[in-house]
A.B. asks: 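Below is a structure I'd like to ask you about.
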Amino acid sequence: RNHSEGSIYHLDPLVPCLFNSGCGIGRSGITTLEIAAGCIQLVHWFDSRRSVKYFEYNGHQPQPLNDSAFFRVILKSEPLDYLFARIRLLA
């Protein structure tokens, strides 16, 4: 049976429309949802002394937190208008 599959990490639409519901704490860092400037972003915060895999994550550039070993990398970003339009379409 053929069916559509999507992922929040690719351009294919999600069916149904699901995404990370908040914060997740793991060995390699913290995953958060951040809303700013009309966008929602899936962001991973990590300590470079514990995890280096996000330095080369699909071309994303980690941003350092001041002069610390902590970094922030945006894994996915969407405009809120687009997200709400998709929710209305699927409702």
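What you see is a predicted model; the values in this text were computed from it and never measured.
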A.B. asks: Is the shortest side-chain heavy-atom distance between I40 and L83 below 4.5 Å?
C.D. replies: yes

A.B. asks: Please identify each residue that fulfils side-chain contact (heavy atoms from CB on, under 4.5 Å) with F70, with sequence neighbours left out.
C.D. replies: D47, R49, L65, S68

A.B. asks: Any salt bridge (charged side-chain N to carboxylate O under 4.0 Å, His left out) involving residues 30-45? Give me the pairs, sequence neighbours left out, ordered by first then second residue.
C.D. replies: E34-R72

A.B. asks: Is there a side-chain contact between L80 and I35 in this structure, where contact means two heavy atoms from C-beta onward sitting under 4.5 Å apart?
C.D. replies: yes

A.B. asks: Who are the side-chain contact (heavy atoms from CB on, under 4.5 Å) partners of L89, not counting sequence neighbours?
C.D. replies: none

A.B. asks: If a pair satisfies salt bridge (charged side-chain N to carboxylate O under 4.0 Å, His left out) and one of its residues is in residues 60-71, list it, with sequence neighbours excluded.
C.D. replies: none

A.B. asks: Taking side chain as C-beta onward, heavy atoms only, is L33 less than 4.5 Å from L42?
C.D. replies: yes

A.B. asks: Any idea which heavy atoms bring P79 and C39 closest together, and the distance?
C.D. replies: CA-SG, 4.0 Å

